[in-house]
Amino acid sequence: MAAPVVTSQTYSKSNYQPGELMTLTVNHTDLDRKILSTTTTVTDTTGATGSTGPTTCVIDGAASVVPVSTPAVTWTLVAATLNQSVFTAVAP
Amino acid sequence: MLFSTTTTVTDTTGNASAPVTTTCTIGESSFVLGQTEPTAANTGLNVLGLTEADIPAAKIVNGDLTVNDAWVTANGSSPTRWWVKGFLNFTANTPVKFYNSIFEGRTFTGTAPREAIIRARNGSAPVTATISFENCVLRVVQPDVGISTAAGERLGSFYRCDISGGSDLIDYWAPAVPDVLGCYLHDYSFWANDPKHVNDGSHPGWSHNDLIQNSGSAGADVRGNALWCYAAPDVGDVAVLEAGGFPGRDWGTSIMLTPSTSRITGFMAEENWVYGGQCPICLPLQSGGSFNNGNSWTVRNNRHGDLPHKYGSNSRQLIRWGNTMGPAAGSCSGNVFLSTPGVPAALRGTALPAAVLQGNNDASGQLMVRVLQT
């Protein structure tokens, strides 16, 4: 199994003032990461069919994205998609 | 203040990514590392507009200070606004970073009490137990031939510090890998009675002054600093220097790499402002040394504000290294002359020439970036 890769990490600004809200965007990928989509169809004895809408799950998604800063701050996850995590923290 | 974030991603099967680190700055917005030239006005306490009066009485240490585990427990690992009027000896087993503080040694009689104002020589401590400085002033109230400003194998990083006064300013060797970033290094002290150099062939007894001396490291980034390699006026034996062929006090080396304890690999000297000295950036063959090959560096995008003191009648050697030491000629790139009065008009704004081999293509030869200017 491949390890995930942090493809980019950017702050919303290059400079903040103390007390200002910082936003950190982390983009990450994983070669094994896939979305598994399943649709089930049932056919009765008369030939009629019915099917479920697709349901999905993520294979090998990101279990944790952990930013650690110096000086230390508390990063709060505010948004996450399959390949991106967005955090905010207060500039020390 | 430099602010860095390191992020690791772990997937659902427990595999972890390689960590990625990015930085930004907090506070002053006008300083850009590598683009803003450090000066006395934008380093040390001046980064946050502080003065000595902003250091509380309870944090003024009138005498020597040992930063050990007990001190760190009592005062934390990120101490700020301290003034140590003595010699600091770092012996803690965890990393410490001082902010907005002053370190200056003290007066003494006889032999210097310590070899450095900041002594970080705790070889028994973990490699990670380093001492670092940000927005600090490191100076020497009583310079001495035997005192460097900061020395040791447990030195951490220096960011936007004002550093002066020692016979050398920053001395380190492996495992220390200090990054020196955005600092103003200036006014080393010159001595004519250095016992380490009694038998020097050219200037017996003259101190060999370096702003930064690296005697072995894996990595280390010297970036965006102002390197003023001039002896402090009216200090030590500077009159001997001035009368001895260096009226401009432009003796010494800004970045001296001497792989005596181990090889120097992956060293970066970039985006610095370089003034004075005689061969400001140097990696010489070590006589009888064990590491006279396999070293590596990148010297790029530095700005030279004047010509170094000449060798002979006209050889101005800006970057020089032993032919067999390791770096290729192409390891130096993007270095330029500034359009400043100290640079001859014909060279202002031009790129430094490519390195050339002087001497034989063996261990006796030297690669150098030089110009010929009387």
Side-chain angles (χ1 to χ4, degrees), chain A residues 1-36 57-77 80-92, chain B residues 1-36 42 47-50 76-81 94-100 128 130-135 156-160 179 181-182 224:
Chain A
M1 300 289 276
V5 175
V6 177
T7 55
S8 70
Q9 174 175 274
T10 56
Y11 301 95
S12 52
K13 293 169 61 175
S14 61
N15 172 264
Y16 301 92
Q17 296 305 305
E20 190 175 354
L21 189 69
M22 302 186 292
T23 301
L24 180 74
T25 301
V26 183
N27 292 307
H28 44 86
T29 63
D30 190 319
L31 288 177
D32 306 309
R33 187 175 299 167
K34 302 178 179 62
I35 296 178
L36 182 68
C57 67
V58 176
I59 304 300
D60 209 18
S64 68
V65 182
V66 181
V68 177
S69 297
T70 304
V73 298
T74 300
W75 289 102
T76 301
L77 180 67
T81 63
L82 187 66
N83 294 317
Q84 184 180 86
S85 302
V86 181
F87 301 84
T88 60
V90 175
Chain B
M1 175 172 66
L2 195 64
F3 180 84
S4 70
T5 302
T6 300
T7 299
T8 305
V9 176
T10 305
D11 66 21
T12 53
T13 58
N15 297 308
S17 70
V20 168
T21 300
T22 52
T23 61
C24 64
T25 58
I26 294 174
E28 183 193 305
S29 62
S30 60
F31 185 91
V32 178
L33 180 64
Q35 299 301 313
T36 306
N42 64 14
V47 173
L48 294 185
L50 302 175
S77 61
S78 302
T80 186
R81 301 196 193 187
T94 54
V96 172
K97 186 172 186 178
F98 279 90
Y99 296 84
N100 311 308
T128 53
T130 59
I131 184 168
S132 299
F133 304 88
E134 181 167 325
N135 305 345
S157 62
F158 300 81
Y159 179 67
R160 296 191 70 182
D179 291 335
L181 309 172

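Per chain, numbering begins at 1; letters A, B, ... match sequence-line order. Note: hydrogens, waters and symmetry copies are ignored here, and every other heavy atom, side chains too, is used.
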> What's the verdict on side chain to side chain contact (heavy atoms under 4.5 Å, CB included) for B:T5 and A:W75, showing C-alpha distance, side-chain angles and the deciding distance?
Replying inline: CA-CA 10 Å; B:T5 302; A:W75 289 102; 3.8 Å; yes
> For A:V6, is it the side chain, the backbone, both, or neither that has a heavy atom closer than 4.5 Å to a heavy atom of chain B?
Replying inline: both
>> Using heavy-atom distances under 4.5 Å, tell me whether A:S14 contacts chain B through its side chain, its backbone, both, or neither.
In response: backbone
> Of all residues at least two apart in sequence or in a different chain, which pass the side-chain hydrogen bond (donor to acceptor under 3.5 Å, both in side chains) check with A:S12?
Replying inline: A:Y16
>> Please find the pair of heavy atoms, one from B:Y99 and one from A:P71, that lie closest to each other, and give the distance.
In response: OH-CG, 4.0 Å
> Taking all non-hydrogen atoms of both residues, which atom of B:V9 and which atom of A:H28 are closest, and how far apart?
Replying inline: CG2-CB, 3.9 Å
> In chain order, what residues pass the side chain to side chain contact (heavy atoms under 4.5 Å, CB included) check against B:A16, with sequence neighbours excluded?
Replying inline: B:T8, B:T10
> Of all of A:P92, A:A91, A:S8, which one pairs up most often with chain B through heavy atoms under 4.5 Å apart?
Replying inline: A:P92
>> Before you tell me yes or no, could you show the steps for B:T22 and A:T10 under side chain to side chain contact (heavy atoms under 4.5 Å, CB included), namely the whole-Å CA-CA distance, both residues' side-chain angles and the distance that decides it to 0.1 Å?
In response: CA-CA 7 Å; B:T22 52; A:T10 56; over 6 Å; no
>> I'd like to know whether B:I26 forms a side chain to side chain contact (heavy atoms under 4.5 Å, CB included) with A:M22, so could you lay out the CA-CA distance, the side-chain angles of the two residues, the decisive distance to 0.1 Å, and finally the verdict.
In response: CA-CA 10 Å; B:I26 294 174; A:M22 302 186 292; 4.2 Å; yes
